Every structure is written in C-alpha cells, then in structure tokens.
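Report on the following structure.
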Amino acid sequence: MQSKLSPKGSNKDFSSRLKYLLINKIDQLGDFNFSDDSWYYIKNHKNALPKGCYTITFYQAPDSYKEWVKYYALYCTATPITIKKKCYKISLFLKFLEEKYNSKDLSKVTRKIVNAFEFELRLSDASETTKQFTYASLQEFFIMLSDFPEMPNVIPTKHQNPFKQSNNQSDRRLPAKVLRTLDKIMKDDSVNIPLELRTVYWLIRSFPNRITEVLSLKRDCLKSFYSEYVIQMPTFKSTGNYGREETKPIPVVYSGHGKYVIDLIRKLQEQTEGYLKLYPKYDHINKDRLFTVRVWSFFDDGGCLGVKYYDMGRTAYRYPIRNLTSEHINDYFADLAIKINIRNENNSLIQPTTHQFRHHAVSDRLYTVGYTIEQVRKLTGHKNEAMTKKYTHQMIEKHKEIHLGLAELRHPNESAFEFKGKIINLDERTVAHLSKDQRRYLTWEANGKKGVGICSDISGCNPKGTSVHFECYACDWFVPKLEYYEDYKSEHAYWMNVIDRTANKPQRSAHFENAVRNVSYLERIIDVCKNGLEQYTEGLIDNISSKIPNLIPWE
C-alpha cells in the first residue's frame, strides 16, 4: 500500500513536475539546452528581424539564481526580445540581492527587501520609463513563479507599480519640413539612393506596417487583380504565438502614386532575382525574401551622395549579399540624414527612424496608395454626408470584391451553413465527421454565446488559437450557424456604427479601414445566412405540400 506524501514531499513533487513541463517546452522553441546561457528561438524566427532579437541570454544573472530566471523565460509569453529585456532587469534585482543580502533564498525575500531595491532604483540615473519597466519585470517574475514552493508565500512587490510610465509622444512624429525633404529626395531619381532603400521608404511611408513586416515580404508578394495589384504583407503577432505568420492583403490602384510604388517593387523583384543568380547562395540567406541585397554604404562623393558596394574578400564583410533588417534600415536613414544634413526649424540634426514613419502612415493620408480619390476624401472628411455615405458603400463593396477574390471564398449561394444540427452544402464525408461532435469545431465566443460558427477544416485547424474571430469569418472553412443570424446582423450594425464615427476623423483612419474590412466579411456571412434560410423555407414548404392530399379537382 502506497504511503501518503508529506506536505513537504508533496511540494517537492509538484515543483519537480512543473520544472519538467517547462523544460519540455524548449523543443517548441529551438535546439538549445536548459543549461545553456544563450537560447536562440530558431523555431519562432520567421521574420526579417536579426538573430539577436530571437536570442535570450542569461550571462548577466547571478549563478545562484540563474535557473529561476530561465524558468521565468520559459513561462513568459512575450516576444523573445522583450523576454530578454525583462530577464536583464530581473537580474539587476538578483545582483542587488546577492551583494546586499548575501544571496538570500528567494523564498525569504520580503516587501522590505524589494522596497530597498526600489529606493536604490529611484536614486539611479535611469529614466522614469526604465524604472517602471524594471519594477514591472520584477512584479511579473514573482507572480509567474509563485506556484513554486521555493518562492515567497506572499508576493513581495507592491500591487501597483510605484513608477509612472512616461506618456511623452513628442518624438514620434517628424517635423513637416523633414518629411517634405525626404519625400522630395526619395522621389528624385537623380539622387543616388539604392532601389531597396527607396522601396522601403515608400512602403512604410504609404502604409501603416511595421518595418519587420515590410522586410519580410516575399519575392512573389505582388498579385494582380483586374486593374490593380494586391501586396501580400506578412504580419506577426506581437505576443503569444509571435512566430505565427499571417498575410494581410493590401489593395493598390495601379495609377498615380500607387503605380510608382508597384513599379518600385517590380524593379526590386528583378534586382533580387539577379543577385541570387550572380552570387553563390549562402546558407544564411533567406532566398524567399524580397529585400535580399548587396552590402553597401553611403559616402560623400565630392558634395554629392555616393554609394559604395562591397564584395567578398575586398572588405571586412564576410558575404556580398544579405537580407535587410530593421537595424540596417535605421542605420541607413541615420547616415543619410548626416550626409544630406537634414535639420529642423531649430537647426538640430534629425535622424528619422522607421517607427516614426509608421505613425505618419496611420495619421496622414498624403498618398492615394490603394485608394481612389473618393476614398481618400472619405478618410479626410467630406462636407456632403450623402456623398460620404456613397463612398463608404463603394469602399465596402471594393473590399468585398478584393478579399473574396484573393482568398477564393465561395459565393454565398454555394457556401455551407448549419441549421438545427444539419449542415448543408458540404461534402458527405466532412458532414459525417462534423456531425459526430460539432462542439469540437465551434469557433470563438461572441455575444455571450459559445461558438459563432463551425470550422469545417477537419484536418487540424485550431479555431481557438487566436482571439480575433474575424480570421474565421475571412476563411472559406467557416460555416455560419443560422441560429446566430441576428447576432451576425448585430455585429454588422456595430461595425457600421464604427464606420460612421470614424469616417470624418483622419487620425482614426486605421480604425475606419479595419471596420470596413470587418463589414465586408460580415455582409458575406449575412448573405450566406439569407440564402440558407431561403433554402430551408423552400424545403419546408415543399415537404408540407407533398403531405396535403389534392382533393380539389382543377379544370
């Protein structure tokens, strides 16, 4: 007969089990060992960020506490670069604990000790934002690891962060003079700007995308669609499943500025193809990336802007070609600002960053990339309400046409639907599989109801893997439930209200575009339901009519 574990033994067994589960998580991240002091999350490295952004180091952590910092890193679901920063800040406290408290056990850390660290942090020269981030990292460290019996019984940090985060946004926008200067230079073909930098500039200037998304574009990112193009922009989640890549289609009208941007991409596609043929294919190069370029730098060419290219063997560079990263682009912009002497009204040198351009792309609509003039007027505000509503309807219809065509979604009359447990317009094998247990394939929770539809991808799609159920609405595997017809209409009404509230506010143009996209998908779902209800009603009438005897002789 097995004896009962003592409380102490039970805690030890629980701790060992928890550590075992966390260490097993490593196989999902990379090929490193728990004992290594450098972890490269190679299995999550899908974008154009450099390797360092996916590498977590623990050299800074004291040896007596290092394993706990590693368990915290495995627990944390933030991006690797954020985990790396948090581990460094946590290590500051652990060094403080080692030096001031003779490496005291973590289980004996009290509020008094943390308050002493807080006091020392206040006296430091770090910014208020840095102090806030450091304390927040320490809070998270103790909260996340509180399940371990080796941790304090009571969370030793304060419930509320004693350092306030700075909300200074003044450095996020570039002066208008600087933007005009850069726009002029980047559109002037006589200025010696490499094609890849010019293309990057106009992509981040025209669309509100992150630089890592732009640099992760594939060589075949352009798709033609009637009189326009669609740029297939890869996007990555900032938290949670940060390695999961998704594609966001960006429609671009092939005229005016839109034509200029598309032509830049097409030229860059040809250049990249040429480089891959000209130079040996090194293992470190991602051949699918559009921004695969030669190594170069700016120089002063007798008062003009010069570009120097480097070849293998003639310089310190190991390879003649590389995939561009955000660090490369920011370095180029900083160097360009120095070479052409970009200054503001106060004669201060301005070195723009890619993230600043993202803020301008969200708030400014100076270019009509992907939009007609009417749609741009809609975003900037139109005095005639009747005209703006007309433009809104045009934009919704345009989005429906583009998204349905690009994703090859079936026509509403041919799409599957579910009503009263019966699934229509699906093949018999899939229907038989789903009918065994539909609850396994329910997607999301909306309006207080479990499942806003059914995922008919029986091969293994996990519909509960993200919190945005519009990803399902945009998928051809999605099967709407006719019982939720009114819920779909309520969602449609909500997003139409968002359109009305944001249409005349240029600073909320991103919200407006998001609402238009959601409405375009919901209108298709509603059409599917309408078609389903008509089929069900017609079938019901035919069934009833067949059971009524024909007693009246018609002449």
Side-chain angles (χ1 to χ4, degrees), residues 21-61 66-92 133-134 136-137 140-141 144 200 204 209-219 221 233-248 281-293 295 317-319 321-332 353-355 358 465-466:
L21 292 173
L22 287 174
I23 291 174
N24 276 352
K25 185 181 176 183
I26 290 176
D27 292 336
Q28 305 170 24
L29 305 172
D31 301 324
F32 53 87
N33 296 314
F34 183 80
S35 58
D36 296 339
D37 284 344
S38 179
W39 294 359
Y40 174 34
Y41 285 18
I42 187 173
K43 295 182 180 179
N44 294 121
H45 194 176
K46 308 294 183 183
N47 57 21
L49 285 171
K51 181 180 177 180
C53 292
Y54 283 86
T55 302
I56 302 173
T57 57
F58 303 96
Y59 302 108
Q60 70 279 6
K66 189 175 292 184
E67 69 166 334
W68 292 111
V69 182
K70 292 181 178 181
Y71 286 129
Y72 163 79
L74 292 173
Y75 240 130
C76 195
T77 58
T79 59
I81 188 66
T82 302
I83 297 174
K84 181 179 181 178
K85 292 176 181 178
K86 289 182 176 182
C87 287
Y88 175 75
K89 298 303 182 185
I90 292 167
S91 295
L92 294 179
F133 182 76
T134 302
S137 301
E140 190 175 79
F141 174 75
M144 280 192 170
V200 164
I204 59 178
N209 295 300
R210 296 177 177 85
I211 184 62
T212 51
E213 296 172 341
V214 172
L215 296 179
S216 298
L217 280 168
K218 291 182 170 56
R219 284 189 287 143
C221 62
M233 184 70 67
T235 61
F236 303 88
K237 292 182 180 298
S238 59
T239 58
N241 295 328
Y242 39 79
R244 180 181 177 186
E245 178 182 339
E246 298 166 1
T247 302
K248 175 176 61 177
K281 297 181 179 180
Y282 301 104
D283 293 337
H284 76 290
I285 296 294
N286 187 330
K287 290 89 176 177
D288 292 332
R289 294 272 163 80
L290 173 64
F291 289 93
T292 303
V293 302
V295 180
Y317 289 94
R318 187 178 178 187
Y319 305 107
I321 59 174
R322 65 185 179 186
N323 297 127
L324 280 181
T325 67
S326 56
E327 291 179 346
H328 296 148
I329 298 299
N330 281 321
D331 287 344
Y332 283 141
T353 64
T354 56
H355 201 65
R358 172 173 164 79
T466 175

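What you are looking at is a predicted structure, and each value in this text was computed from that prediction instead of being measured.
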Quick check: closest heavy atoms across [X] and [Y], and the distance to 0.1 Å?
X: T354; Y: N330; result: N-OD1, 3.0 Å
X: R219; Y: K287; result: NE-O, 2.7 Å
X: T212; Y: S216; result: O-OG, 2.6 Å
X: L290; Y: C221; result: CD2-SG, 4.2 Å

So, using side chain to side chain contact (heavy atoms under 4.5 Å, CB included) as the criterion, who are the partners of Q60 when residues are at least two apart?
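For Q60 the side chain to side chain contact (heavy atoms under 4.5 Å, CB included) partners, ignoring immediate neighbours, are T57, C87, Y88, S91, K95.
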I'd like to check the ring-ring contact (aromatic ring centres under 6.0 Å, His included) partners of Y75; sequence neighbours left out, ordered by chain and number.
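Once residues adjacent in sequence are excluded, Y75 has no partner under the ring-ring contact (aromatic ring centres under 6.0 Å, His included) criterion.
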Within a strict 4.5 Å, meaning less than it, do heavy atoms of the [X] and [Y] side chains meet?
X: F291; Y: V214; value: yes
X: L215; Y: N323; value: no
X: Y71; Y: I23; value: yes
X: V200; Y: Y332; value: no
X: I56; Y: S38; value: no

With D36 via salt bridge (charged side-chain N to carboxylate O under 4.0 Å, His left out) - residues at least two apart:
none
Please list, chain by chain and in numerical order, all residues satisfying salt bridge (charged side-chain N to carboxylate O under 4.0 Å, His left out) with K89, sequence neighbours excluded.
none
Contacts of type side-chain hydrogen bond (donor to acceptor under 3.5 Å, both in side chains), residue Y72, not counting sequence neighbours:
E140
Spacing of [X] atom [atom1] and [Y] atom [atom2] [to the nearest 0.5 Å]:
X: I42; Y: K51; atom1: CD1; atom2: NZ; answer: 7.5 Å
X: I321; Y: I285; atom1: CD1; atom2: CD1; answer: 4.5 Å
X: K85; Y: S137; atom1: NZ; atom2: OG; answer: 10.5 Å
X: T77; Y: I83; atom1: OG1; atom2: CD1; answer: 7.5 Å
X: Y59; Y: K66; atom1: OH; atom2: NZ; answer: 8.5 Å

Does S35 offer a backbone N or O that forms a donor-acceptor pair with the side chain of K70 under 3.5 Å?
yes
Expected list for residues 24-34: side-chain donor-acceptor pairs under 3.5 angstrom, two or more places apart:
unit_1: N24; atom_1: ND2; unit_2: Y20; atom_2: OH; d: 3.3
unit_1: K25; atom_1: NZ; unit_2: L74; atom_2: O; d: 2.6

Would you say the ring centers of F58 and W39 fall short of 6.0 Å from each other?
yes
